[in-house]
Amino acid sequence: MPVGAADVESFHKQIKRRAIENGDWERLRSSFLTKMAENGWLDEMMQKGKNVAQNMDNLRFEELRSSLSREVHKGIPLEIRREVLQSIRLYLDKQFD
Amino acid sequence: MSSSGTEEHDQCPHLTTEILESEVFLDKYKSVIAWNARRNFNGQSLPKRRKLAALTCGTCKIPLHRPFLCLHCSYAGCWDGREISEHLKSHDHIFCVDAKSGTIFCSLCEDMVHNPTVDALHLEAILRVEEQYTPFQMSNKSREPFRFWVPSEEERAALENMDTIPCQARRGLLNLGQTCFLNVVLQCFVHNPLLRNYFLGDKHNHKQCKNEDCSCCEMDKLFSAVRIQSPLYLRVPMTLLLTTLLHFQVYSSDTTPYGPSSFLSTTWRKSTSLAGYAQQDAHEFFISTLNQMHSNCKGSTNISCNCIIHSTFAGALQSDVTCGKCGNVTSTVDPMLDISLELKEGKDGGDTLAGCLKRFTQPEKLGSKDYACSKCGKSSNDISKRLSIAKLPPVLSFQFKRFEHKTTNNNKSDSAAQKLHAVVRFPSTLNMLPYTSLVISNSGGNGNGNGRNRNQAQIPAINFGPEIMYEYDLFAVINHEGEMNNGHYTNFARFGDEWYRFDDDKVTVSTLGACLKSPPYMCFYVKKHLEYKAHVTPTYVLIQKTEAVKEKERELQLEREREQERERAEREREREKEMEILKEAEAEAARAQEVDKEVEDELLATI
């Protein structure tokens with residue numbers, strides 16, 4: 001059945017609210033972060049951040065964050081990406097039961 | 001986390017002392033932090049937690065997973081879509097705070113600003129909330145609530161007249177003949193924050209200690225040699241002082257490599273198995289040194305030891321044996337000073353410290369013949385044993401078992417020891433919660449192996465407390481290159497945020513990245529946050545004190561008695577003197593009478 005853009009937006013808000021209030025958002029996020037830490041990605045990104053920051057003339061938070069953003073997202077290993085998306089899908093399926 | 005060097009950093013001129021001390025600011029900031037701290041613990045739902053409504057962005061109305069809160073009004077907003085910074089600009093509000101990290105953003109500086117006062121506020125606000133929610137804090141009051149250290153008047157006065165000298169440890173150690181195994185372990189001790197505090201705090205002064213062959217004295221000497229660099233003028237005789245002052249810069253730090261020969265000879269005397277110039281195993285030397293230092297310290301009883309070694313390294317390992325037939329679980333707890341981890345079989349790489357720990361704490365089937373369940377008395381094939389950590393030490397030391405003995409034909413003398421070169425990846429920060437007895441004994445997974453997937457909505461009955469209690473930071477790594485008998489030890493160690501590589505006498509600046517890529521033999525982690533037991537004077541000290549008091553009283557009593565004795569003797573003498581005088585007087589009187597009589601007689605005779 002066709003779902004309009006407005007519906008998607010409303011679902012998104014409701015599910016996000018529920019996930020935050022029930023602690024599921026935090027659970028999914030911290031399991032993802034644990035995987036990334038174990039993988040060594042976290043330490044690599046810290047090092048990268050330090051290098052970029054040292055070479056910036058006008059060091060400010062937002063500038064640093066946006067210059068790292070693309071690389072950080074690219075650096076997520078495929079395996080972990082799949083696992084996390086799977087967990088999210090499972091969670092979403094339950095929401096629509 | 002240190003606040004040194006803030007003078008060099010550009011402080012935000014808008015975050016004035018006035019603002020930082022105003023009640024409005026303090027209340028708002030602390031309530032935001034407390035609200036966030038209460039929201040979640042370790043990503044697990046608490047059964048009794050009040051469901052706190054999620055905040056919504058004031059601009060885009062989407063629920064906020066990472067709220068930024070304005071410190072001037074009740075607005076909450078997202079960072080990503082620039083909602084919060086727009087709000088600050090349009091309302092002429094200056095500061096907002098990231099609820100999760102407690103970092104303050106200044107819209108005039110257009111940047112995150114850092115301030116040690118705010119850091120302290122943040123820490124305190126979080127700890128107050130977490131202490132309320134941590135069962136082992138509140139139930140039997142075994143932990144002290146956190147307090148900042150504020151110097152007393154005496155301490156302040158003592159500090160005022162002190163010269164500060166650097167205590168950096170970037171000094172190489174000379175190889176005295178295949179002693180790289182010794183050097184790497186010593187560097188790991190020297191960079192150990194708890195040992196550093198102990199020895200640089202003069203808690204074991206080698207000039208005052210009366211023990212013979214004392215390993216703690218050797219350690220103290222090492223710390224002095226490596227970490228304390230005294231200005232040159234203290235070593236120059238007065239006569240030369242003036243000339244030197246006039247001619248060149250007087251301060252010089254001794255960065256020439258140090259030869260730990262007395263440490264080596266003391267070790268040889270106390271542990272003959274390590275004596276001689278052959279290559280030794282660093283881990284063996286590490287454990288041997290821990291034991292030697294422990295034996296040189298006071299304070300050990302049958303129940304526990306509070307020596308510096310045990311206070312720093314001692315943890316406890318729990319072993320749960322489950323009988324498959326009746327389900328009875330027998331638990332034993334043993335002390336441990338470090339954890340030795342088996343490496344994964346095969347060369348398929350991808351092994352991590354976490355993986356090793358998972359294998360270390362997984363259930364293992366026991367050989368049934370020897371074990372009979374104490375409850376149901378049956379001996380079966382269905383008995384499993386599982387290890388977990390019952391007590392986490394402040395410093396966690398890991399050894400990867402790289403030196404394996406493979407016996408051939410069951411003949412031990414034919415065993416060929418070989419080194420396992422498997423690649424192991426390890427993190428710079430480590431969370432030990434999943435390997436603790438608290439989690440493992442309660443997962444109900446004993447004997448079920450990897451049946452339960454913890455991600456599936458399993459609400460635990462226990463609150464584990466704040467995550468930081470289980471978190472560790474890496475500070476030293478020992479590497480071994482080469483083979484079993486002709487290898488070489490080097491190590492990495494961290495001083496503050498800087499990483500250095502040590503190769504005997506050669507010390508070079510390095511990075512965390514380089515350290516993490518190196519092949520580890522041993523890794524050392526230190527807890528991010530220390531907890532303290534409520535202060536209780538140890539019994540042996542109490543006994544000493546009461547003995548001392550009794551001794552004093554006895555002495556006072558003796559003194560009093562002696563005093564009384566003296567007084568009596570004094571009085572005796574006084575009386576005797578008086579008697580003497582009286583006797584004298586009487587004798588005089590008698591003589592006078594005699595004389596009178598004689599004169600009378602004389603007179604009578606003349607008549």
Side-chain angles (χ1 to χ4, degrees), chain A residues 8-51 53-54 56 58-66 69 77 79 83-84 86-91 93-95, chain B residues 10 39-46 49 51-56 60-67 79-80 82 85 98 100 103 105-106 109-113 350 352-355 358 425-431 433-434 453-457 459 467 474 497 499 511-517:
Chain A
V8 171
E9 208 184 306
S10 138
F11 282 141
H12 175 231
K13 281 198 192 138
Q14 277 180 56
I15 294 175
K16 188 169 180 190
R17 172 178 300 280
R18 227 184 287 167
I20 295 174
E21 289 179 0
N22 286 328
D24 291 306
W25 182 282
E26 183 55 37
R27 178 180 54 78
L28 288 165
R29 190 197 71 91
S30 79
S31 116
F32 169 50
L33 207 61
T34 312
K35 292 195 178 84
M36 297 300 274
E38 201 185 314
N39 175 266
W41 169 92
L42 202 61
D43 291 322
E44 275 175 46
M45 291 303 129
M46 280 275 281
Q47 188 63 46
K48 211 158 264 177
K50 275 194 192 164
N51 293 341
Q54 272 164 0
M56 271 178 88
N58 189 12
L59 177 60
R60 283 206 290 211
F61 173 73
E62 185 51 41
E63 275 84 339
L64 182 61
R65 182 174 176 264
S66 34
S69 189
E79 184 59 44
E83 279 174 31
V84 173
Q86 180 65 3
S87 313
I88 297 178
R89 253 183 230 115
L90 281 170
Y91 173 75
D93 282 339
K94 280 208 204 100
Q95 300 312 302
Chain B
D10 292 303
R39 262 199 323 166
N40 49 55
F41 281 79
N42 273 342
Q44 326 222 353
S45 307
L46 302 174
R49 191 196 62 178
K51 205 161 129 181
L52 290 163
L55 291 177
T56 326
C60 66
K61 310 297 180 202
I62 295 184
L64 292 164
H65 65 273
R66 183 78 186 246
W79 176 266
D80 281 331
R82 324 205 73 227
S85 51
D98 167 30
K100 179 162 193 269
T103 314
F105 175 79
C106 171
C109 296
E110 283 187 337
D111 195 12
M112 299 295 174
V113 297
T352 60
L353 176 63
K358 238 175 261 170
R425 224 183 12 226
F426 53 97
S428 70
T429 56
L430 178 64
N431 185 328
L433 179 62
N453 177 2
R454 300 213 81 230
N455 272 344
Q456 277 160 19
I459 297 178
E467 200 155 344
L474 180 73
D497 268 331
W499 281 89
T511 61
L512 170 63
C515 172
L516 295 178
K517 291 201 180 73

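Below, each value reflects all heavy atoms present in this structure, side chains not excepted, and no hydrogens, waters or symmetry copies. A note on names: the letters A, B, ... follow the listed sequences, proteins ahead of strands, and every chain is numbered from 1.
One finds the CZ atom of Arg82(B) at 6.5 Å from the CD atom of Glu62(A) (value rounded to the nearest 0.5 Å).
Neither the backbone nor the side chain of Leu42(A) comes within less than 4.5 Å of any heavy atom in chain B. In this structure, the portion of Gln47(A) lying under 4.5 Å from any heavy atom of chain B is its side chain and not its backbone. Of the two parts of Cys515(B), neither the backbone nor the side chain holds a non-hydrogen atom closer than 4.5 Å to a non-hydrogen atom of chain A. The part of Thr352(B) that comes within reach of chain A is its side chain, from C-beta onward, which places non-hydrogen atoms under 4.5 angstrom from that chain. Looking at Leu55(B), there are no atoms closer than 4.5 Å to chain A (heavy atoms on both sides), in backbone or side chain. Using a 4.5 Å cut-off between heavy atoms, Lys100(B) contacts chain A through its side chain alone, with no backbone atom that close.
Counted within 6.0 Å of CD on Gln95(A), heavy atoms from surrounding residues, nucleotides or ligands total more than 12; the atom is thus considered enclosed. Remark: Asp497(B) CG is loosely packed, at most 12 non-hydrogen atoms of other residues, nucleotides or ligands lying under 6.0 Å away. Atom CZ of Arg65(A) sits in a crowded spot, with more than 12 heavy atoms from other residues, nucleotides or ligands closer than 6.0 Å.
Residue Arg60(A) comes nearest to Cys109(B) through the heavy atom pair NH1-O, 3.7 Å, listed as atom of the first residue, atom of the second, then distance. Of all non-hydrogen atoms in Gly355(B) and Glu38(A), the two that sit nearest each other are N-OE2, 4.4 Å. A pairwise comparison of heavy atoms in Ala37(A) and Pro427(B) identifies O-CB, 4.4 Å as the closest pair. The heavy-atom pair separating Ala54(B) from Ile20(A) by the smallest distance is CB-CG2, 3.9 Å.
Listed by chain and residue number, nothing satisfies the side-chain hydrogen bond (donor to acceptor under 3.5 Å, both in side chains) test with His12(A) (two or more places apart in sequence, or in another chain).
When each of Met112(B), His65(B), Lys61(B), Arg425(B) is checked for heavy-atom pairs under 4.5 Å with chain A, His65(B) comes out on top.
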Quiz item: Does the side-chain contact (heavy atoms from CB on, under 4.5 Å) test come out yes or no for Lys13(A) and Thr56(B), once each step is laid out?
Solution: CA-CA 10 Å; Lys13(A) 281 198 192 138; Thr56(B) 326; over 6 Å; no

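Side chains of Leu512(B) and Met46(A) form no contact here, defined as non-hydrogen atoms less than 4.5 Å apart. Leu516(B) is not listed as a side-chain neighbour of Glu44(A), based on a closest heavy-atom distance of 4.5 Å or more.
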